[in-house]
Amino acid sequence: MAGLYFAFEGEDFAELKENLVNVNINDIYIAVILLIFSCLPRALRWKLLIKPFESMSLHHVFSATMIGYFGNNVLVFRLGELLKAYVLSNGRKVTTSQVFGTVIVERILDLLMVFFIFIITIPWFPLGDEKIKFGIYFSIIIVFFFILIIVLTHRLNLLDRFARYKIFLTDNGKKIIATLKNLLEGVVVIFKNENFGLVIFLSLFIWLIYFIVSLFVLKACDISLGYADIGVLLVISSFLLGVPSLPGAAGTLDVGVKYTLVLIFQIANSKALSYSIISHAVAYFPLLIIGFIYFLISNVSIKEIKDVVGNK
């Protein structure tokens, strides 16, 4: 909420309206089509991650993917990630915990792609700004620390060791260990995935599409940035999207993208805010609408969502 306030605070709304009216709608159409298309390789990548547990149709995985986007856009703290794991596992032999483990792998892969873009754009990255430098380095350390914990837990069988402690010998304790084991199985499946090369290729392809989408939205808003600058903007935007927040990253994404353009690339306030609004709308409404349609035709009820969110 504070982010929304600071995003619009002190704006010339007449100038903002003029910028929004003059947006090139054809470029926006192309960006929307590309963004929707990116959901196909994303669903295919998830299908490959799930395959060691159970073979599923691409349509079923795509449906769960879109419902996950719908959930992220209507639920706080990105709970759509849990929702899509539940939808995919509903009525299947694979457990929700195992599927959620593969969702964690998806997020790790996306973060690794963001770090890859960051490495490429380091010469152009504003590391002179202490806050940005701290945010980037802190995020990198957290992610690699998290990966290290996963690897050590898997290699050293730490969950089996914890299961011997008295606190985990109770019925609830055994349930916790069982859930964590299923979750870990979903995460470490990437290490024994026979389609690892294709998974990496799809990850690169997905983020190439995101880069092109950013290029078209910037063009639509009449903002000229170099390819390296677009990479910098994509990295910062990705970190902002990862922050647990209001549904659809409202506020955090808007203020973050606006001030990235203003402070780093010296774009005028109203033009920066217009890009922030348009790029957010492009990423929000198409996936929300398609996800809602898939949600309506699925066999998942609102009550089930409340139960899943409440129990997890």
Side-chain angles (χ1 to χ4, degrees), residues 45-56 60-61 63-65 67-68 71-72 74-112 138-196 199 242-245 247 298-312:
R45 184 182 68 174
W46 195 21
K47 179 180 183 297
L48 295 174
L49 292 174
I50 292 290
K51 191 175 179 181
F53 294 113
E54 185 174 351
S55 181
M56 299 185 186
H60 179 58
V61 181
S63 173
T65 299
I67 291 174
N72 281 335
V74 298
L75 300 172
V76 296
F77 303 134
R78 298 186 64 82
L79 287 174
E81 306 292 357
L82 178 60
L83 173 61
K84 78 176 192 176
Y86 173 75
V87 170
L88 192 71
S89 63
N90 192 24
R92 302 279 179 161
K93 65 180 182 180
V94 63
T95 68
T96 300
S97 299
Q98 288 171 324
V99 174
F100 190 66
T102 63
V103 172
I104 293 174
V105 174
E106 278 197 296
R107 298 286 75 80
I108 292 174
L109 286 169
D110 286 334
L111 280 170
L112 291 176
F138 180 75
S139 299
I140 291 174
I141 291 170
I142 289 295
V143 170
F144 281 99
F145 176 76
F146 183 61
I147 293 174
L148 179 63
I149 292 297
I150 291 172
V151 172
L152 290 177
T153 302
H154 173 59
R155 296 293 183 186
L156 301 178
N157 295 318
L158 293 183
L159 290 180
D160 287 333
R161 297 185 184 188
F162 290 149
R164 298 170 191 160
Y165 287 98
K166 187 176 180 180
I167 190 174
F168 293 116
L169 294 177
T170 62
D171 289 340
N172 288 333
K174 290 177 181 178
K175 288 180 182 178
I176 291 173
I177 291 295
T179 299
L180 289 176
K181 282 185 175 181
N182 286 335
L183 183 65
L184 185 63
E185 282 181 19
V187 174
V188 301
V189 74
I190 188 65
F191 298 134
K192 49 189 175 183
N193 197 297
E194 60 184 18
N195 298 296
F196 181 78
V199 167
V243 176
S245 58
S298 72
N299 58 352
V300 179
S301 67
I302 296 293
K303 181 180 182 302
E304 285 179 286
I305 293 178
K306 290 180 179 178
D307 290 341
V308 170
V309 172
N311 292 334
K312 303 298 182 181

What are the two closest heavy atoms between [X] and [Y], and how far apart are they?
{"X": "Asn182", "Y": "Ser97", "value": "CB-CB, 3.5 Å"}
{"X": "Val103", "Y": "Glu81", "value": "CG1-OE1, 3.5 Å"}
{"X": "Ile177", "Y": "Ala163", "value": "CG2-CB, 4.1 Å"}
{"X": "Pro52", "Y": "Leu49", "value": "CD-O, 3.3 Å"}
{"X": "Ile50", "Y": "Met56", "value": "CG2-CE, 3.9 Å"}
{"X": "Val187", "Y": "Gly101", "value": "CG2-O, 3.4 Å"}

*Within a reach of under 6.0 Å around CG of Asp160, are more than 12 heavy atoms found that belong to other residues, nucleotides or ligands?*
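Check passes, neighbour count above 12.
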*Within a radius of less than 6.0 Å around CG of Leu148, do more than 12 heavy atoms belonging to other residues, nucleotides or ligands occur?*
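Enclosed.
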*Is there a donor in the side chain of Ser89 and an acceptor in the side chain of Thr96, or the other way round, less than 3.5 Å apart?*
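There is such a pair between these side chains.
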_Test side-chain contact (heavy atoms from CB on, under 4.5 Å) applied to Val188 and Arg155, step by step_ = CA-CA 10 Å; Val188 301; Arg155 296 293 183 186; over 6 Å; no
[X] [atom1] to [Y] [atom2] distance, which is reported to the nearest 0.5 Å:
{"X": "Gln98", "Y": "Leu183", "atom1": "CD", "atom2": "CG", "answer": "9.5 Å"}
{"X": "Phe144", "Y": "Leu111", "atom1": "CZ", "atom2": "CG", "answer": "9.5 Å"}
{"X": "Thr102", "Y": "Glu185", "atom1": "OG1", "atom2": "CD", "answer": "12.0 Å"}
{"X": "Asn72", "Y": "Leu79", "atom1": "CG", "atom2": "CG", "answer": "8.0 Å"}
{"X": "Ile147", "Y": "Leu152", "atom1": "CD1", "atom2": "CG", "answer": "12.0 Å"}
{"X": "Arg161", "Y": "Thr153", "atom1": "CZ", "atom2": "OG1", "answer": "10.5 Å"}

*Under the 6.0 Å and 45° cation-pi test, does Lys51 pair with Trp46?*
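Ring-cation test returns no.
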*Would you check if Phe162 and Ile167 make a side-chain contact, meaning some heavy-atom pair closer than 4.5 Å?*
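Contact flag for Phe162/Ile167 side chains = no.
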*Test log, rule side-chain contact (heavy atoms from CB on, under 4.5 Å), inputs Phe100 and Thr95*: CA-CA 9 Å; Phe100 190 66; Thr95 68; over 6 Å; no
*Apply salt bridge (Lys or Arg N to Asp or Glu O under 4.0 Å) to Lys93 and Glu54, showing your working.*
CA-CA 8 Å; Lys93 65 180 182 180; Glu54 185 174 351; 5.7 Å; no
_One pair to check against salt bridge (Lys or Arg N to Asp or Glu O under 4.0 Å): Asp171 and Lys174. What are the steps and the verdict?_
CA-CA 5 Å; Asp171 289 340; Lys174 290 177 181 178; 5.1 Å; no
*Decide salt bridge (Lys or Arg N to Asp or Glu O under 4.0 Å) for Lys84 and Glu106; before the verdict, give the C-alpha distance in whole Å, the side-chain angles of both, and the deciding distance to 0.1 Å.*
CA-CA 12 Å; Lys84 78 176 192 176; Glu106 278 197 296; 2.9 Å; yes
*Any chance you could lay out the side-chain contact (heavy atoms from CB on, under 4.5 Å) test for His60 and Arg92, step after step, and finish with the verdict?*
CA-CA 11 Å; His60 179 58; Arg92 302 279 179 161; 3.5 Å; yes
